[in-house]
Amino acid sequence: MKNPYIPFPMRIDNVVIETDDRDIKTFSLSFIHKEDEASFAYIPGQFAELSDFNKGEAPFGMASSPTQKGSLEFTIAKAGVVTTALHNREVGEIVGVRGPLGNGFPVDTLRGKNIVMIGGGFGFSTLRALTTFVLDEANRPTFGDITVIYGARNPGQLLYKDDLEQWGKRHDLNLYLTVDSRDDEWSGRVGLIPQITKEIAPSAENAYILVCGPPVMIKFTLPVTREIGFLPERTLLSLEMRMKCGVGMCGRCNIGSKYVCTDGPVFSCAQLSGLLFDES
Amino acid sequence: MKTKTIKKKDIASFLDTLLTRYEVFAPVERDERVVFEAIGAGSEATLDYQNTTMPPKGILFPQTEQLFSYRSTKDTADIAVPSFKEKPQLIFGIRPCDARSFLLFDHAFDGDPYYINRRGNTLLVSIGCTHPQAPCFCTSVGGGPFSEEGSDLLLIETGDQYLIQIVTDRGAQLLEESGFKDAGKDALTLAQKMIKTAEASMGAGIEIDGLKEKLDSSFENPIWQELTEKCLGCGVCTYLCPTCHCFDMVDEAEGSTGERIRIWDSCQFPLFTLQASGVNPRPTVKERFRQRIMHKFSYMIESYNQIGCVGCGRCITECPVNLDIRQVVHTISKLEALS
Ligand SMILES: Cc1cc2nc3c(=O)[nH]c(=O)nc-3n(C[C@H](O)[C@H](O)[C@H](O)COP(=O)(O)OP(=O)(O)OC[C@H]3O[C@@H](n4cnc5c(N)ncnc54)[C@H](O)[C@@H]3O)c2cc1C
Ligand code: SF4
Ligand code: FES
């Protein structure tokens with residue numbers, strides 16, 4: 001039996017400081033053992049537990065796409081003990097990785113459909129993974145129209161600036177960026193995600209909509225997606241709960257009878273409406 | 001079903017024979033309490049006890065346990081997984097409720113090699129309860145003072161001897177070469193009588209029929225606030241619960257080496273679900289207490305088709321503010337539909 005608690009080592013190859021305040025970094029990790037890479041078959045939307053030995057573990061969504069071979073990327077916001085320790089790591093150092101965990105986005109269901117992605121904060125990291133996946137040359141023809149709506153508090157908080165620039169030039173992707181408050185250089189949209197989504201009003205025809213971000217963003221965006229015609233079955237969320245084991249045993253991340261770590265983190269709104277949790 | 005008998009005075013020597021092949025855990029007296037411990041001689045065990053304060057769950061799911069040890073420097077990380085104990089073990093004198101609790105653990109720890117290896121290596125010899133206690137309500141949650149579910153052998157006290165019910169093949173093997181006599185008709189009749197008397201002495205317990213549906217539809221009922229007002233959030237009920245399996249994982253480090261250990265945790269603590277963002281999906285005692293009840297009487301039924309409570313009554317006996325799970329559940333089951 002595979003021991004689900006044992007991390008394997010990965011080397012930090014590159015660190016990108018994503019935001020002006022330096023609180024969010026993207027780590028590119030390479031596999032040290034070939035067999036670890038072989039056993040790490042993942043899809044966008046899944047996550048892994050990262051270990052900074054002596055400090056512990058924390059869960060992070062893969063920000064990279066499985067179409068990128070040899071490495072994994074994680075975008076990590078500094079929030080507490082483990083994330084701070086990881087932020088202090090440098091290129092060449094070793095961290096532990098355990099995964100892939102969780103269900104991920106239903107990639108096969110999404111094929112042939114139009115996809116609308118709405119992201120905010122570091123929640124955008126798994127949507128970045130999905131976008132990269134869909135834009136892969138071999139994959140692109142198998143998906144319909146792709147719309148990405150991505151917002152941040154201010155321009156300095158936008159992640160993946162290189163990607164955003166590349167994506168902005170493409171004709172097979174509709175990219176909408178917005179910030180809550182602009183700075184002198186920003187000439188793009190200003191406004192909160194729910195409001196921008198309402199303005200753009202992407203068509204729900206043959207489409208799925210994916211919403212990833214902080215709870216308040218999700219809360220105010222869902223009424224809008226409903227209004228523009230997306231059914232709960234076709235509205236997907238990625239949820240966050242405090243996690244430890246990541247494999248459905250430590251009993252901490254449940255919503256009703258479902259464990260977010262194994263049954264999720266991706267759920268449709270239809271699934272969630274059947275689960276017991278406090279509406280707020 | 002095959003049954004044997006053993007004289008009470010022969011228990012110690014039977015345990016001594018078992019000790020040659022097994023590590024044996026049995027109830028022993030310690031500071032006016034009875035606890036399960038690994039014994040060195042059969043004479044240390046006592047079967048004259050009602051139930052232990054702590055369930056024996058720690059024998060299969062230790063309170064703290066090393067998952068692996070590591071040596072980590074900036075550019076290396078070597079991991080060593082502890083080897084599993086080969087010697088088979090046996091829990092002797094476990095109560096039927098506690099033996100049944102491992103059937104729930106079998107679901108909860110499906111895929112957990114630490115638990116599964118130990119479980120496969122452990123036999124359960126239970127002892128039926130001739131004198132159920134006031135807080136016991138096993139019969140109302142699918143068990144009974146003489147339930148053999150989960151046990152390999154079940155002892156039933158009949159005067160100066162025990163009747164031994166052989167439940168599994170593994171249990172039968174324990175008795176090979178023991179020379180114990182088959183139970184005669186008198187012993188069987190007497191055992192039946194003991195069982196009837198014990199079962200009849202038990203209180204009403206919990207009304208299970210329709211409870212899950214009632215709980216599910218009362219999730220947002222304000223009654224939870226009232227029901228949980230007294231709760232201190234101390235977590236005693238969960239630590240002493242034989243079916244509670246939640247744990248935390250932490251690194252204990254000394255320089256460049258350390259261990260990742262898992263340690264019992266409790267859903268009654270606020271930090272249990274506090275997210276790094278500051279959001280807590282179960283911010284008050286109300287949500288946490290409700291989680292405990294829902295997990296046992298709704299979620300586990302949904303996930304494993306089993307009630308997540310074995311009716312041992314420990315949470316009732318040991319709660320510092322006398323919160324009684326039976327009363328809580330009763331109040332909910334009597335609620336009118338929330339309009
Ligand atoms: C499925 C999933 C995917 C995720 N993906 C990502 C991702 O892609 N990127 C990302 O950045 N995050 C992600 N997260 C969130 C991430 O897991 C958490 O931010 C992380 O677990 C925080 O761990 P930590 O050890 O740094 O924080 P902890 O140390 O556990 O801190 C928790 C909170 O307690 C506070 N705290 C810590 N220590 C103390 C102290 N001594 N005294 C008082 N307060 C204290 C911290 O400020 C923080 O608010 C994801 C979570 C899940 C469940
Ligand atoms: S033992 Fe009693 S007071 Fe303590 S957490 Fe449980 S119900 Fe609350
Ligand atoms: S993180 Fe342990 S059960 Fe989900």
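Below, read A as the first sequence line, B as the second, and so on, with proteins coming before strands; counting in each chain starts at 1.
Of the listed residues Asp78(B), Ile79(B), Asn117(B), the one with more heavy-atom pairs under 4.5 angstrom with chain A than any other is Ile79(B). Per-residue heavy-atom pair counts under 4.5 Å with chain A were compared for Asp265(B), Asp248(B), Val81(B), and the maximum is reached by Asp248(B). Among Tyr114(B), Tyr70(B), Phe109(B), the residue making the largest number of heavy-atom pairs under 4.5 Å with chain A is Tyr70(B). Contacts with chain A were tallied for Arg262(B), Arg282(B), Glu254(B); Arg282(B) has the most, counting heavy-atom pairs under 4.5 Å. Between chain B and the options Gly251(A), Gly248(A), Cys253(A), heavy-atom pairs under 4.5 Å are most frequent for Gly251(A). Heavy-atom pairs under 4.5 Å with chain A were tallied for Asn280(B), Val279(B), Leu274(B), Ile301(B); the largest tally goes to Leu274(B). Between chain B and the residues Ala77(A), Pro9(A), Pro7(A), the most heavy-atom pairs under 4.5 angstrom are made by Pro7(A). Per-residue counts of heavy-atom pairs under 4.5 Å with chain A were compared for Ile116(B), Asp112(B), Thr257(B), Val250(B); the largest is that of Asp112(B).
When atom types are taken as modelled, the side chain of Ser217(B) and the backbone of Lys214(B) share a donor-acceptor pair closer than 3.5 angstrom. Proximity of a side-chain donor or acceptor of Ser140(B) to a complementary backbone N or O of Ile206(B) within less than 3.5 Å is detected. Counting only distance, with no hydrogens or angles, the side chain of Ser64(A) and the backbone of Leu72(A) share no donor-acceptor pair below 3.5 Å. His330(B) contributes no side-chain N or O that, together with a main-chain N or O of Glu207(B), makes up a donor-acceptor pair within less than 3.5 Å. Distance alone, capped at 3.5 Å, places no donor-acceptor pair between the Thr228(B) side chain and the Cys231(B) backbone. Side-chain atoms of Arg290(B) come within 3.5 Å of backbone N or O of Phe219(B) as a donor-acceptor pair. With hydrogens and angles disregarded, no donor-acceptor distance shorter than 3.5 Å links the side chain of Thr273(B) to the backbone of Pro281(B). Side-chain N or O atoms of Gln46(A) include one that pairs as donor or acceptor with a backbone N or O of Ile43(A) at under 3.5 Å.
Between Thr26(A) and Glu18(A), the side chains place a donor N or O and an acceptor N or O closer than 3.5 Å (distance only, hydrogens not considered). In the model, Thr238(B) has a side-chain atom that pairs as donor or acceptor with a side-chain atom of Ser266(B) under 3.5 Å. A donor atom on one side chain and an acceptor atom on the other are found under 3.5 Å apart for Arg260(B) and Ser51(A).
Within residues 56-63 of chain A, the residues having any heavy atom closer than 4.5 Å to a heavy atom of chain B are Gly56(A), Glu57(A), listed by residue number. Using a 4.5 Å cut-off between non-hydrogen atoms, the part of residues 237-246 of chain A that approaches chain B consists of Glu240(A), Met241(A), Arg242(A), Lys244(A), Cys245(A). Of residues 78-98 of chain A, those residues with a non-hydrogen atom less than 4.5 Å from any non-hydrogen atom of chain B are, in numerical order, Ala79(A), Arg89(A), Gly92(A), Glu93(A), Ile94(A), Arg98(A).
Residue Phe102(B) is tested with Thr243(B), Ile91(B), Thr122(B) for a side-chain contact (heavy atoms from CB on, under 4.5 Å); the sole match is Ile91(B).
By the 4.5 Å heavy-atom criterion applied to side chains, Arg288(B) and Phe272(B) are not counted as neighbours. Side-chain atoms of Tyr304(B) and Asp110(B), non-hydrogen and from C-beta on, never get closer than 4.5 Å to each other. You'll find the side chain of Met10(A) stays beyond 4.5 Å of the side chain of Phe40(A), heavy atoms only.
Contact of Pro214(A) with chain B is not made at all, since no heavy-atom distance falls under 4.5 Å. Heavy-atom distances place the side chain of Gln291(B), and not its backbone, under 4.5 Å from chain A. Proximity to chain A (any heavy atom under 4.5 Å) is shown, for Ile261(B), by neither the backbone nor the side chain. Interface remark: Leu67(B) contributes backbone and side-chain atoms alike to the contact with chain A (heavy atom separation under 4.5 Å). Within the 4.5 angstrom heavy-atom criterion, only backbone atoms of Lys55(A) (N, CA, C, O) approach chain B.
Between Phe247(B) and Tyr5(A), the ring planes are perpendicular. Angles over 60° get that label, and only those under 30° would be called parallel.
When all heavy atoms of Cys212(A) and Phe105(A) are compared, the pair lying nearest together is SG-CZ, 4.0 Å.
Interatomic distance, Phe124(A) CZ to Leu130(A) CG, rounded to the nearest 0.5 Å: 10.0 Å.
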Using a 3.5 Å cut-off and no angle test, enumerate the donor-acceptor pairs between side-chain atoms of residues 261-275 of chain A and protein atoms at least two apart in sequence or in another chain.
residue   : atom : partner   : partner atom : Å
Asp263(A) : OD2  : Tyr259(A) : N            : 2.8
Ser268(A) : OG   : Ala270(A) : N            : 3.4
Ser268(A) : OG   : Gln271(A) : N            : 3.1
Gln271(A) : OE1  : Ser268(A) : N            : 2.8
Ser273(A) : OG   : Ala270(A) : O            : 2.9

